[in-house]
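Heads up, the thing below is written out as structure tokens.
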Number of protein chains: 2
Amino acid sequence: MTCRMPFSSPAGTRSALTIRLSHYLPLTASEAAAIEAAQGPRRKLIAGEALLDAGGPVDSLFVVQQGWLHSSVRPPVGGRQILSFHYPGDLVDNSSIAWARAPTTLTAVSDCIVSDISKKQLGALLAQHGRIAGLLYAVAAAEAMAMADRLTSIGRMNAIQRLATLILDMLARLRVTAGGVVDSFDLPLTQTDLGDALGLTKVHVNRTMREMEERGMIARNGRRIRICDEAALVGFTGFVDRHATIATDWLPPPR
Amino acid sequence: MTCRMPFSSPAGTRSALTIRLSHYLPLTASEAAAIEAAQGPRRKLIAGEALLDAGGPVDSLFVVQQGWLHSSVRPPVGGRQILSFHYPGDLVDNSSIAWARAPTTLTAVSDCIVSDISKKQLGALLAQHGRIAGLLYAVAAAEAMAMADRLTSIGRMNAIQRLATLILDMLARLRVTAGGVVDSFDLPLTQTDLGDALGLTKVHVNRTMREMEERGMIARNGRRIRICDEAALVGFTGFVDRHATIATDWLPPPR
DNA sequence: CGGATCGTTGAATGTATTCAAAGTAGGTGG
DNA sequence: CCACCTACTTTGAATACATTCAACGATCCG
């Protein structure tokens, strides 16, 4: 249970969500202020810590300020499936807004800082700022399409293509907040995690990464992973970047 | 190219979208009217016809009034992946709202009637009716969770469980608009379609359906499929109904 | 009746899993 | 600082589930 503080973040510091949304659409001062005001106090999580357990009650969503998380489920059969990863600037756990109990487990992959947004606050934000409602709707749609891409890769591609697609997607998403061209990043996931995200066993993930490295597709150095020939991977998988741009021309004018 | 008519549907006939949303939340007259007004003229599609091609320009979404559709993609490798099915009352192709070009292909599975909603109209609707914005957001979240369930079944379950999960999901969704308890329905899909939805080949779908029938899990008669022991299938797969209820207690009051 | 699409079946093949075990790295406490 | 523990990575061999290829049967429709 978190209590709401009179201020939600250090004065003058914009939340990662505001920054990310600004990336797609210049926000008015009033819109930015409303987004900041909706967010609760910041909380630290250490790597591996669960922010929320599937089946537990929820009355808020979360904003990732720093670090990575993932959402996962544990079907009665089949171990675990990681559904998506959450990066700085993400509004996390949209799925749980439809129910009183969380459908997924949220786990910190690295050390994180998150804020919560109560559902009621989000409802008020959507009602008061129609343009933000539309933008959040579009961002959620883009994330749904990114999940559809993973569904496609798991349903129709082999292990190398699945892994390549996931790496490209992470890279694309990190570029939105990192800015500039990035060709390598720290992957705070174990091979077990990767397997659970890709519908593979950790053993097969290992062999697959090894093969990709041998083929010169990627280079590894500890947790650091570098994409050697991005264009080749894109051609190989048909990857489409779902994060770089979001259409905003259909949005109503700001209020 | 569709032209907008002065009236969107026969007088006195509520669109399937209005009916479905009313199922989750009693709408005010003004809300219902706004939803009706946003919809364009109705259009008929015959089974197999494409409503929209991936890569083509789009400036509207669609409302299914009657019949089934599905959205699919064709990765450069791997044939086709069916991402989701769309039933009467669905607001279809949310994913394309984030871009100027359609990321998926929409195909009529049976004969259909659809209306379109231009993105601009949707934007205006969201801005004018904050409660509808929230409700549509929640419905989209529920659909995203249903897709996550399929991701899980493809990633972590065997063929029988995948098929069982899909059948249970269709049944659950049909119950929202059909009303009453249904234990059988007409499945207008070929085994190739099922395979493309489940990440299996048509051959394996065939063997799997056959085995389910032999085991007494389902009964088939032409296109008609009957679920013999629903509770057993649910226990077997861990299926959760994502369509029956949507939390609405967090929504702001109607305007 | 002919053609096309869909469903069914068998045999060979292949990709990924399972099981088992050894190697490696990072952190903790003595 | 080293010993130890734990979690993670790597490797091999046997197995399993699903695919591929090929063909035939059934059904629908013009």
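Hydrogens, waters and symmetry mates play no part in the numbers below; they use all other heavy atoms, side chains included. Everything numeric here is computed off the predicted structure, so don't read it as measured data. Naming convention: chains lettered A, B, ... in sequence-line order (proteins, then strands); numbering from 1 in each chain.
- One can place CD1 of A/I154 at 14 Å from C1' of C/dA16, the figure rounded to the nearest angstrom.
- The separation between A/L200 atom CG and D/dA18 atom C1' is 15 Å, rounded to whole Å.
- A donor-acceptor distance shorter than 3.5 angstrom exists from the side chain of B/Q81 to the backbone of B/D196, with no hydrogens or angles considered.
- Rounding to whole angstrom units, CE of residue A/M209 and P of D/dT9 are separated by 9 Å.
- In this structure, B/R162 contributes its side chain and B/R150 its backbone to no donor-acceptor pair below 3.5 Å.
- Counting only distance, with no hydrogens or angles, the side chain of B/Q65 and the backbone of B/A16 share a donor-acceptor pair below 3.5 Å.
- Distances shorter than 4.0 Å separate none of the side-chain N or O atoms of B/R210 from OP1 or OP2 on C/dG10.
- If you measure from atom CG of A/D193 to atom C1' of D/dA7, you get 12 Å, rounded to the nearest angstrom.
- In this structure, the NE2 atom of A/H204 is 16 Å from the C1' atom of D/dT9, given to the nearest Å.
- Across all strands, A/G199 comes closer than 4.0 Å only to sugar-phosphate atoms, never to a base (heavy-atom distances).
- Among the atoms of the strands shown, none is found under 4.0 Å from any heavy atom of B/R162.
- Protein atom CZ of A/R220 is 12 Å distant from nucleotide atom C1' of D/dC8, rounded to whole Å.
- With the nearest nucleotide of DNA chain D identified for both A/V203 and A/R156, A/V203 has the one nearer the 5' end.
- Residue B/G195 is classed as having no contact, given no heavy-atom separation below 4.0 Å to the nucleic acid.
- Applying side-chain contact (heavy atoms from CB on, under 4.5 Å) to B/W68 and the options B/D111, B/T107, B/D90, B/L174 leaves one that passes, B/L174.
- The base of D/dG12 sits within donor-acceptor range of the side chain of A/R207, with an N or O pair under 3.5 Å.
- Residue A/N206 contributes atom CG, which lies 8 Å from atom C1' of D/dT11 at whole-angstrom precision.
- Looking at the side chain of B/Q191, the nearest of the listed nucleotides C/dA16, C/dG7, D/dA18 is C/dG7.
- Summarising the geometry, the separation between CZ on B/R223 and P on C/dT5 is reported as 15 Å, rounded to the nearest angstrom.
- Side chains of B/R215 and B/I160 form a contact here, defined as non-hydrogen atoms less than 4.5 Å apart.
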